[in-house]
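Working notes for the structure below.
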Amino acid sequence: MAGARLKDVAERAGVSIKTVSNVVRGEVRVAEQTRERVLRAIAELDYQPNASARHLRTGRSGIIALAVPELVAPYFAELAAEVIAAAKKRGCTVLIEDTGGDPAEELRIACGLSDPLIDGVLLSPLCLDETMLANRERRVPLVLLGEQSYKIPADHVLIDNSAAAREATEHLLKIGRRRIAVIGQPSDRSHATTVQRMHGFLTALHAAGVPHDPRLVPDTREFTRADGAAAMRVMLALDDPPDAVFCFSDLLASGAMRVAHEHGLRVPQDLAVVGFDDIQETRYSVPSLTTVSPDKREIAELAVDAVLHRITTDAEAPHTRLTAGYELVVRESTRTSPPTA
(Lines give C-alpha, C1' and ligand atoms only; values in the text may rest on other atoms or scores of the structure.)
Protein backbone atom coordinates (compact mmCIF):
# COMPACT_ATOMS: atom_id res chain seq x y z
CA MET A 1 0.00 0.00 0.00
CA ALA A 2 1.71 3.15 -1.22
CA GLY A 3 2.07 5.87 1.39
CA ALA A 4 0.70 3.79 4.26
CA ARG A 5 0.23 5.81 7.45
CA LEU A 6 0.48 4.95 11.13
CA LYS A 7 -3.32 5.02 11.26
CA ASP A 8 -3.53 2.41 8.47
CA VAL A 9 -1.20 0.06 10.35
CA ALA A 10 -3.22 0.49 13.55
CA GLU A 11 -6.47 -0.37 11.76
CA ARG A 12 -4.94 -3.43 10.08
CA ALA A 13 -3.47 -4.71 13.37
CA GLY A 14 -6.56 -3.86 15.43
CA VAL A 15 -4.62 -1.75 17.91
CA SER A 16 -4.30 1.92 18.79
CA ILE A 17 -2.03 4.35 16.95
CA LYS A 18 -0.12 4.73 20.23
CA THR A 19 0.62 0.99 20.29
CA VAL A 20 1.90 1.07 16.70
CA SER A 21 4.05 4.06 17.61
CA ASN A 22 5.47 2.19 20.61
CA VAL A 23 6.41 -0.78 18.42
CA VAL A 24 7.99 1.43 15.76
CA ARG A 25 9.99 3.28 18.44
CA GLY A 26 11.23 0.00 19.90
CA GLU A 27 9.47 0.34 23.25
CA VAL A 28 10.00 -2.87 25.21
CA ARG A 29 6.72 -2.61 27.15
CA VAL A 30 4.56 -4.14 24.41
CA ALA A 31 3.18 -7.68 24.63
CA GLU A 32 5.03 -10.00 22.24
CA GLN A 33 1.81 -11.18 20.56
CA THR A 34 0.72 -7.58 19.98
CA ARG A 35 4.18 -6.63 18.69
CA GLU A 36 4.09 -9.49 16.18
CA ARG A 37 0.62 -8.44 14.98
CA VAL A 38 1.79 -4.86 14.46
CA LEU A 39 4.97 -5.97 12.66
CA ARG A 40 2.89 -8.23 10.40
CA ALA A 41 0.64 -5.27 9.53
CA ILE A 42 3.68 -3.10 8.85
CA ALA A 43 5.05 -5.74 6.46
CA GLU A 44 1.70 -6.24 4.72
CA LEU A 45 1.20 -2.51 4.16
CA ASP A 46 4.88 -1.86 3.43
CA TYR A 47 4.79 0.96 5.97
CA GLN A 48 8.08 2.91 5.95
CA PRO A 49 8.71 5.03 9.05
CA ASN A 50 10.47 8.27 8.24
CA ALA A 51 13.48 8.43 10.54
CA SER A 52 13.95 12.18 10.19
CA ALA A 53 10.27 12.91 10.80
CA ARG A 54 10.17 10.55 13.75
CA HIS A 55 13.27 12.20 15.16
CA LEU A 56 11.60 15.61 14.94
CA ARG A 57 8.45 14.32 16.68
CA THR A 58 9.97 12.18 19.41
CA GLY A 59 13.68 12.96 19.56
CA ARG A 60 14.33 9.35 18.47
CA SER A 61 14.91 7.80 15.06
CA GLY A 62 14.67 4.07 15.77
CA ILE A 63 18.21 3.59 14.44
CA ILE A 64 20.87 1.82 16.51
CA ALA A 65 24.46 1.21 15.48
CA LEU A 66 26.32 -2.10 15.82
CA ALA A 67 30.12 -1.97 15.66
CA VAL A 68 32.36 -5.05 15.55
CA PRO A 69 36.12 -5.46 15.02
CA GLU A 70 35.87 -7.56 11.86
CA LEU A 71 32.60 -8.02 10.03
CA VAL A 72 34.07 -10.59 7.61
CA ALA A 73 34.82 -12.90 10.55
CA PRO A 74 32.02 -15.50 10.52
CA TYR A 75 31.25 -15.15 14.24
CA PHE A 76 30.63 -11.40 13.96
CA ALA A 77 28.68 -11.81 10.71
CA GLU A 78 26.38 -14.35 12.38
CA LEU A 79 26.02 -12.17 15.48
CA ALA A 80 25.18 -9.15 13.31
CA ALA A 81 22.41 -11.13 11.61
CA GLU A 82 20.93 -11.97 15.03
CA VAL A 83 21.12 -8.32 16.13
CA ILE A 84 19.33 -7.20 12.96
CA ALA A 85 16.59 -9.79 13.55
CA ALA A 86 16.18 -8.78 17.22
CA ALA A 87 16.04 -5.09 16.33
CA LYS A 88 13.55 -5.65 13.53
CA LYS A 89 11.20 -7.45 15.95
CA ARG A 90 11.29 -4.30 18.05
CA GLY A 91 10.71 -1.94 15.14
CA CYS A 92 14.29 -0.71 14.89
CA THR A 93 16.88 -0.41 12.13
CA VAL A 94 20.54 -1.38 12.56
CA LEU A 95 23.49 0.48 11.08
CA ILE A 96 26.56 -1.78 10.98
CA GLU A 97 30.14 -0.54 11.27
CA ASP A 98 33.47 -2.42 11.03
CA THR A 99 36.06 -0.87 13.34
CA GLY A 100 39.05 -3.00 12.34
CA GLY A 101 40.02 -2.87 16.02
CA ASP A 102 41.08 0.78 15.58
CA PRO A 103 40.64 2.57 18.96
CA ALA A 104 39.95 5.92 17.27
CA GLU A 105 37.20 4.35 15.19
CA GLU A 106 35.79 2.57 18.24
CA LEU A 107 35.65 5.89 20.11
CA ARG A 108 33.96 7.64 17.17
CA ILE A 109 31.25 4.98 17.13
CA ALA A 110 30.88 5.05 20.93
CA CYS A 111 30.08 8.76 20.47
CA GLY A 112 27.25 7.90 18.08
CA LEU A 113 29.25 8.45 14.85
CA SER A 114 28.56 12.20 15.23
CA ASP A 115 25.12 11.46 13.80
CA PRO A 116 22.10 12.82 15.69
CA LEU A 117 19.91 10.09 14.16
CA ILE A 118 21.77 7.33 16.03
CA ASP A 119 19.70 6.55 19.14
CA GLY A 120 22.13 4.09 20.71
CA VAL A 121 25.20 1.95 20.09
CA LEU A 122 26.12 -1.71 20.50
CA LEU A 123 29.92 -1.87 20.53
CA SER A 124 32.30 -4.82 20.60
CA PRO A 125 35.56 -3.03 21.54
CA LEU A 126 38.99 -4.48 20.94
CA CYS A 127 41.53 -1.77 21.79
CA LEU A 128 39.54 1.17 23.16
CA ASP A 129 41.03 2.74 26.28
CA GLU A 130 38.71 2.92 29.30
CA THR A 131 39.59 6.53 30.10
CA MET A 132 38.87 7.65 26.54
CA LEU A 133 35.54 5.82 26.62
CA ALA A 134 34.58 7.28 30.00
CA ASN A 135 35.40 10.83 28.83
CA ARG A 136 33.83 10.62 25.37
CA GLU A 137 32.28 13.87 24.14
CA ARG A 138 28.83 12.59 23.15
CA ARG A 139 27.19 10.13 25.51
CA VAL A 140 24.70 8.12 23.48
CA PRO A 141 23.13 5.08 25.16
CA LEU A 142 25.81 2.38 24.97
CA VAL A 143 25.90 -1.39 25.39
CA LEU A 144 29.20 -3.26 25.23
CA LEU A 145 29.57 -6.74 23.75
CA GLY A 146 32.30 -9.25 24.54
CA GLU A 147 34.80 -9.75 27.30
CA GLN A 148 36.57 -6.36 27.45
CA SER A 149 35.44 -4.83 30.74
CA TYR A 150 34.96 -1.10 31.39
CA LYS A 151 33.78 0.53 34.62
CA ILE A 152 31.43 3.03 33.00
CA PRO A 153 27.64 3.50 33.00
CA ALA A 154 26.92 0.99 30.21
CA ASP A 155 25.43 -2.47 30.06
CA HIS A 156 27.81 -5.28 29.18
CA VAL A 157 26.64 -8.45 27.41
CA LEU A 158 28.98 -11.43 27.51
CA ILE A 159 29.31 -15.15 28.19
CA ASP A 160 31.36 -16.80 30.93
CA ASN A 161 34.49 -17.46 28.86
CA SER A 162 36.46 -18.96 31.73
CA ALA A 163 33.74 -21.51 32.51
CA ALA A 164 33.33 -22.34 28.82
CA ALA A 165 37.06 -22.90 28.35
CA ARG A 166 37.20 -25.04 31.46
CA GLU A 167 34.34 -27.20 30.18
CA ALA A 168 36.04 -27.61 26.79
CA THR A 169 39.30 -28.66 28.46
CA GLU A 170 37.53 -31.03 30.83
CA HIS A 171 35.95 -32.70 27.80
CA LEU A 172 39.40 -33.34 26.31
CA LEU A 173 40.65 -34.71 29.62
CA LYS A 174 37.58 -36.94 29.89
CA ILE A 175 38.37 -38.63 26.57
CA GLY A 176 41.87 -39.43 27.80
CA ARG A 177 43.98 -36.61 26.38
CA ARG A 178 46.83 -35.27 28.52
CA ARG A 179 49.12 -33.25 26.24
CA ILE A 180 46.59 -30.57 25.48
CA ALA A 181 47.75 -27.55 23.50
CA VAL A 182 46.18 -24.10 23.25
CA ILE A 183 46.06 -22.05 20.06
CA GLY A 184 45.02 -18.41 20.44
CA GLN A 185 47.30 -16.94 23.11
CA PRO A 186 49.63 -14.09 22.02
CA SER A 187 52.95 -13.88 23.86
CA ASP A 188 53.37 -10.10 23.89
CA ARG A 189 49.91 -8.79 24.74
CA SER A 190 46.77 -9.82 26.54
CA HIS A 191 43.11 -9.35 25.77
CA ALA A 192 40.22 -10.14 28.07
CA THR A 193 39.06 -12.94 25.78
CA THR A 194 42.38 -14.81 25.77
CA VAL A 195 43.00 -14.14 29.47
CA GLN A 196 39.66 -15.62 30.50
CA ARG A 197 39.86 -18.62 28.20
CA MET A 198 43.43 -19.34 29.29
CA HIS A 199 42.32 -19.15 32.92
CA GLY A 200 39.59 -21.73 32.31
CA PHE A 201 42.04 -24.00 30.49
CA LEU A 202 44.65 -23.89 33.27
CA THR A 203 42.00 -24.33 35.97
CA ALA A 204 40.83 -27.57 34.34
CA LEU A 205 44.40 -28.90 34.03
CA HIS A 206 45.15 -28.07 37.65
CA ALA A 207 41.95 -29.71 38.92
CA ALA A 208 42.86 -32.89 37.01
CA GLY A 209 46.46 -32.90 38.23
CA VAL A 210 47.79 -32.58 34.68
CA PRO A 211 50.96 -30.46 34.36
CA HIS A 212 50.95 -27.51 31.98
CA ASP A 213 53.66 -27.51 29.30
CA PRO A 214 54.29 -23.90 28.10
CA ARG A 215 55.64 -25.28 24.81
CA LEU A 216 52.10 -26.31 23.99
CA VAL A 217 50.98 -22.66 23.92
CA PRO A 218 52.63 -21.23 20.79
CA ASP A 219 52.49 -17.51 20.09
CA THR A 220 49.38 -16.71 18.06
CA ARG A 221 48.86 -13.28 16.54
CA GLU A 222 45.25 -13.33 15.35
CA PHE A 223 42.21 -15.63 15.37
CA THR A 224 42.56 -16.70 11.71
CA ARG A 225 42.94 -19.97 9.81
CA ALA A 226 46.49 -19.01 8.80
CA ASP A 227 47.48 -18.38 12.43
CA GLY A 228 45.97 -21.70 13.48
CA ALA A 229 47.92 -23.49 10.77
CA ALA A 230 51.19 -21.76 11.72
CA ALA A 231 50.78 -22.62 15.41
CA MET A 232 50.01 -26.25 14.60
CA ARG A 233 53.19 -26.57 12.52
CA VAL A 234 55.22 -25.30 15.47
CA MET A 235 53.78 -27.92 17.80
CA LEU A 236 54.05 -30.81 15.37
CA ALA A 237 57.78 -30.09 15.16
CA LEU A 238 58.15 -30.93 18.88
CA ASP A 239 59.63 -34.27 19.94
CA ASP A 240 56.47 -34.89 21.97
CA PRO A 241 53.63 -33.14 20.10
CA PRO A 242 50.15 -32.69 21.57
CA ASP A 243 47.40 -35.30 21.47
CA ALA A 244 44.71 -32.60 21.64
CA VAL A 245 44.35 -28.89 20.93
CA PHE A 246 41.90 -26.33 22.28
CA CYS A 247 41.57 -23.43 19.83
CA PHE A 248 40.23 -20.06 20.95
CA SER A 249 38.26 -19.72 17.71
CA ASP A 250 36.80 -22.05 15.10
CA LEU A 251 38.93 -20.40 12.40
CA LEU A 252 42.07 -21.30 14.35
CA ALA A 253 40.78 -24.87 14.64
CA SER A 254 40.17 -25.03 10.89
CA GLY A 255 43.78 -24.07 10.17
CA ALA A 256 45.08 -26.50 12.78
CA MET A 257 43.09 -29.42 11.36
CA ARG A 258 44.34 -28.67 7.86
CA VAL A 259 47.96 -28.93 8.99
CA ALA A 260 47.22 -32.11 10.99
CA HIS A 261 45.82 -33.63 7.79
CA GLU A 262 48.92 -32.58 5.83
CA HIS A 263 51.08 -34.40 8.40
CA GLY A 264 49.05 -37.58 8.12
CA LEU A 265 47.36 -37.24 11.50
CA ARG A 266 43.82 -38.49 12.00
CA VAL A 267 41.31 -36.31 13.83
CA PRO A 268 40.27 -37.31 16.46
CA GLN A 269 42.20 -40.62 16.72
CA ASP A 270 45.66 -38.99 16.74
CA LEU A 271 44.67 -35.42 17.57
CA ALA A 272 41.42 -34.25 19.18
CA VAL A 273 40.39 -30.69 18.34
CA VAL A 274 37.99 -28.27 20.04
CA GLY A 275 37.10 -24.81 18.73
CA PHE A 276 35.16 -21.81 20.01
CA ASP A 277 32.25 -19.84 18.40
CA ASP A 278 30.21 -22.55 16.62
CA ILE A 279 30.22 -20.80 13.25
CA GLN A 280 28.15 -22.53 10.58
CA GLU A 281 31.06 -24.12 8.71
CA THR A 282 32.02 -26.20 11.78
CA ARG A 283 28.94 -28.37 11.25
CA TYR A 284 30.03 -29.24 7.71
CA SER A 285 33.81 -29.58 8.02
CA VAL A 286 35.35 -33.06 7.76
CA PRO A 287 35.43 -34.04 10.52
CA SER A 288 32.76 -31.78 12.01
CA LEU A 289 34.18 -29.65 14.83
CA THR A 290 33.49 -29.90 18.54
CA THR A 291 33.13 -26.31 19.69
CA VAL A 292 31.89 -23.95 22.38
CA SER A 293 28.65 -22.42 21.11
CA PRO A 294 27.79 -18.99 22.54
CA ASP A 295 24.05 -18.32 22.33
CA LYS A 296 24.28 -15.60 19.68
CA ARG A 297 20.52 -15.09 19.61
CA GLU A 298 20.40 -14.51 23.37
CA ILE A 299 23.38 -12.15 23.16
CA ALA A 300 21.57 -10.15 20.48
CA GLU A 301 18.25 -10.10 22.34
CA LEU A 302 19.87 -9.00 25.60
CA ALA A 303 21.91 -6.30 23.86
CA VAL A 304 19.03 -4.82 21.86
CA ASP A 305 16.68 -4.81 24.85
CA ALA A 306 19.37 -3.21 27.01
CA VAL A 307 20.11 -0.39 24.58
CA LEU A 308 16.39 0.27 23.99
CA HIS A 309 15.85 0.47 27.74
CA ARG A 310 18.63 3.05 28.05
CA ILE A 311 17.21 4.99 25.09
CA THR A 312 13.67 5.11 26.48
CA THR A 313 14.62 5.85 30.10
CA ASP A 314 17.02 8.66 29.19
CA ALA A 315 19.18 7.82 32.19
CA GLU A 316 22.80 6.83 32.70
CA ALA A 317 22.09 3.79 34.84
CA PRO A 318 24.94 2.02 36.64
CA HIS A 319 27.09 -0.57 34.88
CA THR A 320 25.18 -3.87 34.48
CA ARG A 321 26.58 -7.24 33.38
CA LEU A 322 24.19 -9.40 31.36
CA THR A 323 25.40 -12.98 30.91
CA ALA A 324 24.21 -15.04 27.96
CA GLY A 325 24.38 -18.81 27.79
CA TYR A 326 26.65 -21.20 25.92
CA GLU A 327 27.00 -24.94 25.39
CA LEU A 328 29.75 -27.33 24.39
CA VAL A 329 28.64 -29.01 21.16
CA VAL A 330 30.41 -32.36 20.81
CA ARG A 331 31.01 -33.44 17.22
CA GLU A 332 33.36 -35.74 15.29
CA SER A 333 36.65 -33.94 16.03
CA THR A 334 36.63 -35.34 19.59
CA ARG A 335 34.28 -38.30 19.20
CA THR A 336 36.28 -41.53 18.95
CA SER A 337 33.20 -43.75 18.83
CA PRO A 338 29.80 -43.37 17.11
CA PRO A 339 27.25 -41.27 19.00
CA THR A 340 24.65 -43.19 20.95
CA ALA A 341 21.10 -43.06 19.70
Side-chain angles (χ1 to χ4, degrees), residues 26 28 55 59-71 73 75-76 79-80 83 86-87 90 92-162 186 188-199 222-223 294 296 298-324:
V28 295
H55 189 261
R60 301 180 191 133
S61 66
I63 300 173
I64 58 178
L66 167 67
V68 297
E70 189 180 12
L71 190 55
Y75 172 79
F76 287 118
L79 178 61
V83 169
R90 292 153 177 79
C92 292
T93 300
V94 180
L95 173 69
I96 299 177
E97 290 281 328
D98 186 325
T99 67
D102 179 355
E105 184 67 4
E106 290 176 346
L107 181 61
R108 182 182 75 88
I109 292 164
C111 292
L113 297 88
S114 302
D115 188 338
L117 288 180
I118 300 298
D119 287 341
V121 172
L122 309 180
L123 172 65
S124 179
L126 192 63
C127 301
L128 184 57
D129 177 76
E130 181 173 336
T131 302
M132 293 174 64
L133 184 58
N135 296 326
R136 64 192 188 281
E137 292 180 2
R138 183 168 177 247
R139 294 177 176 271
V140 298
L142 176 67
V143 173
L144 302 172
L145 307 176
E147 293 68 45
Q148 201 78 328
S149 182
Y150 299 91
K151 295 181 177 63
I152 63 169
D155 295 316
H156 186 187
V157 181
L158 70 166
I159 69 165
D160 190 336
N161 270 266
S162 181
D188 62 344
R189 57 191 170 89
S190 62
H191 184 272
T193 300
T194 58
V195 168
Q196 292 172 24
R197 293 178 189 176
M198 196 67 192
H199 177 266
E222 305 290 343
F223 280 17
K296 302 181 190 77
E298 185 181 11
I299 292 170
E301 298 272 353
L302 287 172
V304 171
D305 280 343
V307 78
L308 290 179
H309 178 71
R310 285 186 176 270
I311 290 167
T312 55
T313 56
D314 293 322
E316 284 209 355
H319 173 87
T320 304
R321 288 169 62 93
L322 303 168
T323 305

Quick check for you: to the nearest 0.5 Å, what is the distance between [X] atom [atom1] and [Y] atom [atom2]?
X	Y	atom1	atom2	answer
L123	L66	CG	CG	9.0 Å
L322	H156	CG	NE2	9.5 Å
Q196	I159	CD	CD1	9.0 Å
N161	H199	CG	NE2	12.5 Å

If every non-hydrogen atom of [X] is compared with every non-hydrogen atom of [Y], which pair is closest and at what distance?
X	Y	value
P141	R310	CB-CB, 3.8 Å
L126	G101	CD2-CA, 3.8 Å
L128	P103	CD1-O, 3.6 Å
G146	L158	O-CB, 3.5 Å
V94	A87	CG2-CB, 3.4 Å
D98	P69	OD1-O, 3.0 Å

For residues [X] and [Y], determine if any side-chain heavy atom of one lies less than 4.5 Å from a side-chain heavy atom of the other.
X	Y	result
I64	I311	yes
V121	I109	yes
T313	H309	yes
L95	I118	yes
T194	P186	yes

Would Y75 and K296 satisfy side chain to side chain contact (heavy atoms under 4.5 Å, CB included), going step by step from the backbone distance to the final call? CA-CA 9 Å; Y75 172 79; K296 302 181 190 77; 3.5 Å; yes
Chi angles and distances behind the side chain to side chain contact (heavy atoms under 4.5 Å, CB included) call for V304, V83: CA-CA 7 Å; V304 171; V83 169; 4.1 Å; yes
Test side chain to side chain contact (heavy atoms under 4.5 Å, CB included) applied to T99 and V68, step by step: CA-CA 6 Å; T99 67; V68 297; over 6 Å; no
Is a salt bridge present between D305 and R90, judged by a nitrogen-to-oxygen distance below 4.0 Å? yes
Evaluate side chain to side chain contact (heavy atoms under 4.5 Å, CB included) for L142 paired with L133, printing each intermediate quantity in order. CA-CA 10 Å; L142 176 67; L133 184 58; 4.0 Å; yes
With E105, which residues qualify under salt bridge (Lys or Arg N to Asp or Glu O under 4.0 Å), at least two apart? R108
Without hydrogens or angle criteria, can the side chains of E147 and T193 be said to hold a donor-acceptor pair below 3.5 Å?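 Yes.
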Among V143, D155, L144, I299, find the residue that satisfies the side chain to side chain contact (heavy atoms under 4.5 Å, CB included) test when tested with L122.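 Going through V143, D155, L144, I299 one by one, the side chain to side chain contact (heavy atoms under 4.5 Å, CB included) with L122 is satisfied by V143 alone.
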For G62, does its backbone N or O pair with a side-chain atom of D119 as donor and acceptor, under 3.5 Å?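 Side chain of D119 to backbone of G62: a pair is present.
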